[in-house]
Amino acid sequence: KEVKISNIEFNGAISATTSLIGAVAGSIDYVGSTNKFYLTNCINKTNISGVTDVGGFIGSAGGMTHLELKNLVNLGSISVSQFRAGGIAGNMNAGKIGFSKNFGSVNGKTSGGIVGRAKASTISCCYNSGNVTGEMTGGIIGDMYTSNCVISNCYNTGSITSSGTNTCGGILGVGENGLTGCSINNCYNIGIVSHIEASNPIFGGFVSNNAGSYSPSTNVNAGFGISNCYYLSDLLADDGKDNTTALTTEEMKNKEKFIGFQFESPEVYLFDNESSYLYPQLNNNLHSDGVYKDYNSVTDLSYIITDSV
């Protein structure tokens with residue numbers, strides 16, 4: 001089967017004492033299924049809360065031949081009392097999210113501006129401007145685990161805060177030990193990242209997961225890499241991670257400083273001289289400061305072309 005959902009605006013509030021909650025669906029998990037699922041050009045203004053696996057659009061998704069979430073805007077606040085909260089999806093397994101953005105607050109023990117926890121998934125050309133709070137928190141993904149998970153061409157402007165014993169990161173909060181084929185590429189962070197012990201502008205650090213009990217780990221994962229990632233030195237301290245570079249406010253306005261970013265045709269990043277946002281923006285997913293004004297209805301998404309994620 002093939003399911004396509006597009007051009008819908010979601011409003012209201014969902015407050016649940018159960019898990020698997022989203023404005024579109026609580027769960028679309030079909031392990032081993034040949035089904036295909038596409039969700040495109042939608043806006044969520046619904047405030048959503050639950051126990052575990054809560055997202056602005058999907059609570060938990062994965063296991064299908066093709067799973068694609070694209071051109072989505074979340075304005076609602078998302079919260080869980082336990083694990084896995086995300087502005088777009090709470091939990092993602094073997095899917096793709098592209099050209100999407102989050103402006104709502106996200107809160108939970110494992111929480112991310114785009115996805116709370118991700119496995120074997122690709123998050124590309126997305127950004128987060130919402131505040132993310134919890135224990136293992138990230139601007140794009142809260143927790144990355146197992147294999148083949150990639151964050152590429154994404155950025156964060158929101159405040160990322162961790163109050164737990166584990167850490168947080170401006171792009172990725174934590175990576176579970178044993179990652180293979182996982183990476184963060186061509187990303188940047190200008191949001192404040194704060195933790196009671198340490199803050200990490202791009203990647204928080206590795207953790208051990210013992211039957212759902214998480215603890216910081218000093219292990220080095222050979223199957224995980226970071227390339228061409230940058231952060232604002234005016235607000236953040238050097239995180240000591242390989243292949244992350246600190247840039248000043250003025251340097252952030254200079255495309256020559258973003259080595260590895262694609263500014264030439266076909267453009268992935270661009271500078272918009274007519275915008276109040278002075279840093280790199282994503283082509284076909286332009287930055288917006290006045291989101292509640294700019295995205296009043298799904299017709300405001302019509303400028304987005306449907307490139308492949």
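Along the sequence shown, residues carry numbers from 1. Atom set for the values below is all heavy atoms of this structure, side chains included, hydrogens, waters and symmetry mates excluded.
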Any luck finding a side-chain donor-acceptor pair between [X] and [Y] under 3.5 Å?
X	Y	result
S60	N91	yes
S208	N177	yes
D53	S19	no
S100	N285	no
N128	K101	no
S77	N47	yes
E9	N11	yes
S49	S79	no
N185	S227	yes

Between [X] and [Y], is there shared hydrophobic-cluster membership here, with clusters defined by ILVMFWY side-chain heavy atoms closer than 4.5 Å?
X	Y	result
V106	I192	yes
V24	L69	yes
M144	V150	no
L278	F261	no
I8	I43	yes

Kindly compute the distance separating [atom1] ([X]) from [atom2] ([Y]), expressed to the nearest 0.5 Å.
X	Y	atom1	atom2	result
L179	N148	CG	CG	10.5 Å
L270	Q262	CG	CD	11.5 Å
I28	N93	CD1	CG	11.0 Å
T122	N153	OG1	CG	11.5 Å
S121	I151	OG	CD1	10.5 Å
N131	S159	CG	OG	5.0 Å

query = Does the pair Q82 and V80 meet the rule for a side chain to side chain contact (heavy atoms under 4.5 Å, CB included), with working shown?
reply = CA-CA 5 Å; Q82 293 296 318; V80 295; 5.6 Å; no

Mutual orientation of the aromatic rings belonging to F203 and F224 [parallel < 30°, tilted 30-60°, perpendicular > 60°] =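 The arrangement is tilted - the two ring planes meet at 30° to 60°.
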
ask   = Using 30° and 60° as the class limits, which term best fits the ring planes of H287 and Y277: parallel, tilted or perpendicular?
value =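 Geometry flag for Y277 against H287: parallel rings.
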
Quick check against the 3.5 Å criterion: does [X] have a side-chain atom that pairs as donor or acceptor with the backbone of [Y]?
X	Y	value
Y127	L286	yes
T137	T161	yes
S233	L247	yes
N35	M64	no
N156	N189	no

inquiry  = Between Y231 and Y188 (judged by ring centroids, cut-off 6.0 Å), do the two rings come close enough to count as a pair?
reply    =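 Judged by ring-centre distance (under 6.0 Å), Y231 and Y188 do not meet the cut-off.
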
message = Between F271 and Y279, is the ring centroid distance below 6.0 Å?
response =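 They do not qualify: ring centres at least 6.0 Å apart.
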
query = Could you go step by step and tell me if N74 and I114 meet the side chain to side chain contact (heavy atoms under 4.5 Å, CB included) rule?
reply = CA-CA 9 Å; N74 178 60; I114 302 298; over 6 Å; no

message = Run the side chain to side chain contact (heavy atoms under 4.5 Å, CB included) test on F37 and K4 for me, step by step, so that the C-alpha distance in whole Å, both residues' side-chain angles and the decisive distance to 0.1 Å come before the verdict.
response = CA-CA 6 Å; F37 182 88; K4 294 184 177 180; over 6 Å; no

Any non-hydrogen side-chain atom of [X] less than 4.5 Å from a side-chain atom of [Y]?
X	Y	value
K96	S124	no
I202	L172	no
F258	P280	yes
L72	T40	no
N283	V268	no
C149	I141	yes

Go through the structure and list residues passing salt bridge (charged side-chain N to carboxylate O under 4.0 Å, His left out) with [X], not counting sequence neighbours.
X	result
E267	none
E264	K255
R117	D143, E176

message = Test: ring-ring contact (aromatic ring centres under 6.0 Å, His included). Region: residues 56-81. Which pairs qualify, not counting sequence neighbours?
response =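 The answer is Y38-H66.
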
key: Note: K253-E251 ion pair, threshold 4.0 Å (strictly below)   =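 Salt bridge flag = no for E251 with K253.
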
ask   = Who pairs with Y145 by ring pair (Phe, Tyr, Trp, His ring centres under 6.0 Å), at least two apart in sequence or on another chain?
value =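 Applying ring pair (Phe, Tyr, Trp, His ring centres under 6.0 Å) to Y145 gives none.
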
key: side-chain hydrogen bond (donor to acceptor under 3.5 Å, both in side chains) between N186 and S152, intermediate numbers included   = CA-CA 6 Å; N186 304 331; S152 66; over 6 Å; no

query = Is there a side chain to side chain contact (heavy atoms under 4.5 Å, CB included) between Y155 and C187 once you walk through the steps?
reply = CA-CA 5 Å; Y155 67 91; C187 296; 5.9 Å; no

query = Can you name the residues that form a side chain to side chain donor-acceptor pair (under 3.5 Å) with T245, not counting sequence neighbours?
reply =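 T245 satisfies side chain to side chain donor-acceptor pair (under 3.5 Å) with no residue once adjacent residues are dropped.
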
